[in-house]
Amino acid sequence: MWKVKLMKALIVDDESRVRKAIRLLVQWETHGITDIEEAANGLEAMKLIPAFRPSLVLMDMLMPLKNGVDLMEWIHKNYPDIKFIVISGHDDFEFVRNTIWYSGTDYILKPIEEAVINQAVAKATAAWKAEERERLAARQQHVQVNEYRPVYSEKLLSSLIDDKSAHSQVVNRLKDEGIVPEQTQTIRLAVMQMDKSDHALYSRFGHHQDLLMFALLNICNEFLQKDRIGIAFRHFGSPHQLVILLWDQLATLPTLLQEINNGMHRTLSRRMHFGVSPDGQYPADIPELYARSSSSLHQRDLTVLNHFIHHTEEQPRSGVDHHKGAQFSGFEDTWKLAILSGQPAPITEAVESFIAAIRKSSVLTPELLERWDRDIERFANHVIHETANPSSEALLKLYKEESATIERPSPDKYVCSLAEWQQYWIELMSLLASAVQSQKQTGQDLIHDITTFIEQNYQNDVSLYDIANRFHVSREYISRKFKQKHGINIPEHLNRIRISKAKVLLQNRGLKMAAISEMVGFKNEKYFSLVFKKQEGISPKEFRKLHEQEV
């Protein structure tokens, strides 16, 4: 059931007493009319209606400036959804004929009878409500069709890439829908890859990817649909990719992509990377053209700045083979020794040496970054299986869960930062080292040993850094595991032990507060008092007095 909006009415008569009579006689609320305005003639009504937008107009026929016939004709032409009732003192056939001709709902003679005018208003408002429901339903259907149409189009266009067996059927549908012209034969493709880690851009669209892609598509299609030379669409198999299909003016594609990029920069302050295919036949070559466009993106030279249009026929710079580059296999032994040491410095040095080799090779592509990351993932799996038998599977599962919380840099970033990858790999290897070190305590509970160590050294300055060095495990790993077991972090646990010991010492009147504070590990009496009150709800002095009263 559609919700019909509240109705308004306009009374148009050059006699104020008639307008007043109509106001008094009509049972407005019963008919669902909430707002009533008045006009003294047709011209005044014409000025008022565009802003007021009444659902119903009750009008006289003979008025100065613009009469009832003029007003009826104007309403019929400009606002055909408005219902109107004529209230006239003249039983004139021409007036009645005009009322019928312009779709008036009733013609009432003066003097006005209450029952007659309310019956006419009821009839008019019922007709308006019925038509308004139809209008609402039509609008909703139109919205749904418009919402569905882009999705339908994108699914059809995506199937040209993903399902070669359906080409014949899809081409006919695209032709029938007017999406791709019937005479299309030779085409070119371009693929745009979004940077998934561009949080600043995503936040502008409320982190709603569909809204962002809709904005990007609008920019692309503004240039493509202007001369009806192509179409941009989302590839359903790759949600972060946008595909451009060009069927006319193929040679202008690189220039067109530059213009699109300029439009994106003006609108979003971003320039995107595009992979461009050579010419091909429609629709048979589309899967291959898509693959070649995507390949040119994955193999683009990340060391070249401000170059955004990448062609499959581009040769590697200075004759360098972009499929090669630094080989991670030559660094595995160094990385393994660093991880087994459990120390941050060797891990950092091992990763830095690999980054230095990457820089020295002068070859850097998204494809290589992904290959190195896969190599490092395989390396981590191997280290865990080698050092953690028979519990390697459980440890591997834990490592994967925890490593998934570390944000991986995107190889599709507009500008590549090796420093980000270096930091990412250091964090991964530190996590791996912690996992491996935790297995070295065969038959022991690491957190149990740490807890015992804290209880035995509570009076000393025990820090998370000291604990990590003593047990050869990362601070992050200890902190996370300790809280999982005890429900509180290490500083809180340490303070609880110290306050517990302090409560025993406070029962000895011969000990001063400063001495007790130092004996339990607090270097500052004021801080000791603050922690004690936070934990116990009273100060150390109040605790001592309370104990004396109990004794």
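Position 1 is the first residue of the sequence, and the numbers go up from there.
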Item checked: Donor-acceptor side-chain pairing of His382 and Glu377 below 3.5 angstrom -> no
Next item on the list: Give the minimum heavy-atom separation between Pro80 and Lys77, together with the two atoms involved.
Entry: CD-O, 4.4 Å
Next item on the list: Would you please indicate yes or no on a ring centroid separation below 6.0 angstrom for His235 and Tyr290?
Entry: yes
Margin query: Using a 3.5 Å distance criterion without hydrogens, assess whether the side chain of Trp247 forms a donor-acceptor pair with backbone atoms of Arg228.
Written below: yes
Check: So, do Cys220 and Met264 sit near enough that their side-chain heavy atoms are less than 4.5 Å apart?
Finding: yes
Next item on the list: Using only heavy-atom distances, determine whether the side chains of Ser158 and Glu154 contain a donor-acceptor pair under 3.5 Å.
Entry: no
Note to self: Can you confirm whether more than 12 heavy atoms, excluding those of Gln484, are under 6.0 Å from its CD atom?
What the structure shows: yes
Margin query: For Arg271 and Asn306, which I'm curious about, is there any donor-acceptor pair between the side chains at under 3.5 Å?
Written below: no
Next item on the list: Please check if the distance between the ring centroids of Phe308 and His273 is under 6.0 Å.
Entry: yes
Checklist line | Rounded distance [0.5 Å steps], CD in Gln327 versus CG in Leu368 | finding: 8.5 Å
Note to self: Is it the case that over 12 heavy atoms from other parts of the model lie below 6.0 angstrom from the CG atom of Asp210?
What the structure shows: yes
Check: Are Thr252 and Gln249 close enough that some pair of their side-chain heavy atoms sits under 4.5 Å apart?
Finding: yes
Note to self: With heavy-atom distances below 4.5 Å as the criterion, would you say the side chains of Pro278 and Arg292 are in contact?
What the structure shows: yes
Notebook entry, point to check: Are the side chain of Asp412 and the backbone N or O of Asp195 linked by a donor-acceptor pair below 3.5 Å?
Noted result: no
Check: Hey, is the main chain of Ser159 close enough, under 3.5 Å, to the side chain of Asp163 for a donor-acceptor pair?
Finding: no
Note to self: What verdict does the salt bridge (Lys or Arg N to Asp or Glu O under 4.0 Å) test give for Glu367 and Arg300, after you've listed the backbone C-alpha separation in whole Å, the side-chain angles of each residue and the deciding distance to 0.1 Å?
What the structure shows: CA-CA 8 Å; Glu367 187 176 62; Arg300 71 182 187 272; over 6 Å; no
Check: So Leu256 and Leu224, side chain to side chain contact (heavy atoms under 4.5 Å, CB included) or not? Walk me through it.
Finding: CA-CA 8 Å; Leu256 182 64; Leu224 296 166; 3.4 Å; yes
Next item on the list: Kindly compute the distance separating NE2 (His76) from CZ (Phe84), expressed to the nearest 0.5 Å.
Entry: 8.0 Å
Notebook entry, point to check: Going by atom types only, do Asp373 and Trp425 share a side-chain donor-acceptor pair under 3.5 Å?
Noted result: yes
Item checked: Identified side-chain contact (heavy atoms from CB on, under 4.5 Å) partner of Leu245 from the options Leu174, Ile187, Thr184 -> Ile187
Check: Can you name the residues that form a ring-ring contact (aromatic ring centres under 6.0 Å, His included) with Phe331, not counting sequence neighbours?
Finding: Phe354
Item checked: Side chain Gln241, main chain Arg234, donor-acceptor under 3.5 Å -> no
Check: Looking only at atom types and distance, does a side-chain atom of Trp421 sit under 3.5 Å from a main-chain N or O of Arg408, one as donor and one as acceptor?
Finding: no
Check: Considering only heavy atoms from C-beta outward, does the side chain of Leu71 approach that of Met46 to under 4.5 Å?
Finding: yes
Next item on the list: Could you verify whether a donor N or O on one side chain and an acceptor N or O on the other, from Gln209 and His240, lie under 3.5 Å apart?
Entry: yes
Notebook entry, point to check: Closest heavy-atom contact between Ser410 and Ser197?
Noted result: CB-OG, 3.5 Å
Next item on the list: Any chance you could measure Met194, atom CE, to Leu201, atom CG, to the nearest 0.5 Å?
Entry: 5.0 Å
Check: Do the side chain of Thr405 and the main chain of Glu401 share a donor and acceptor less than 3.5 angstrom apart?
Finding: no
Notebook entry, point to check: With distance as the sole test, does Lys164 use its side chain to make a donor-acceptor pair with the main-chain N or O of Pro287 at under 3.5 Å?
Noted result: no
Item checked: Check: His385 and Glu393 side chains under 4.5 Å, non-hydrogen atoms -> yes
Check: Is the Trp335 ring parallel, tilted or perpendicular to the Phe328 ring (thresholds 30°, 60°)?
Finding: perpendicular
Item checked: Within-4.5 Å side-chain heavy-atom neighbours: Leu56 and Leu10 -> no
Next item on the list: Mark yes or no for whether Asp227, through its side chain, and Ile229, through its backbone, hold a donor-acceptor pair below 3.5 Å.
Entry: no
Checklist line | Ile347 side, atom CD1; Leu337 side, atom CG - distance, nearest 0.5 Å | finding: 11.5 Å
Item checked: Nearest-0.5 Å distance that lies between atom OG in Ser55 and atom NZ in Lys8 -> 8.0 Å
Next item on the list: Please name all residues satisfying side-chain hydrogen bond (donor to acceptor under 3.5 Å, both in side chains) with Arg173, sequence neighbours left out, ordered by chain then number.
Entry: none
Check: Which atom names give the shortest non-hydrogen contact between Ile339 and Met429, and what distance separates them?
Finding: CD1-SD, 3.5 Å
Notebook entry, point to check: Is it true that a side-chain atom of Asn261 and a backbone atom of Met272 form a donor plus acceptor pair closer than 3.5 Å?
Noted result: yes
Next item on the list: Decide salt bridge (Lys or Arg N to Asp or Glu O under 4.0 Å) for Arg480 and Glu402; before the verdict, give the C-alpha distance in whole Å, the side-chain angles of both, and the deciding distance to 0.1 Å.
Entry: CA-CA 10 Å; Arg480 181 169 57 255; Glu402 294 181 347; 3.0 Å; yes
Check: Counting distance only, does the side-chain N/O of Ser295 pair as donor-acceptor with the main-chain N or O of Ala291 below 3.5 Å?
Finding: no
Margin query: Looking at Lys66, I'd like to know if its NZ atom is crowded, meaning that more than 12 non-hydrogen atoms belonging to other residues, nucleotides or ligands lie closer than 6.0 Å.
Written below: no
Next item on the list: Please indicate whether Lys175 has more than 12 foreign heavy atoms, meaning atoms of other residues, nucleotides or ligands, lying under 6.0 Å from its NZ.
Entry: yes
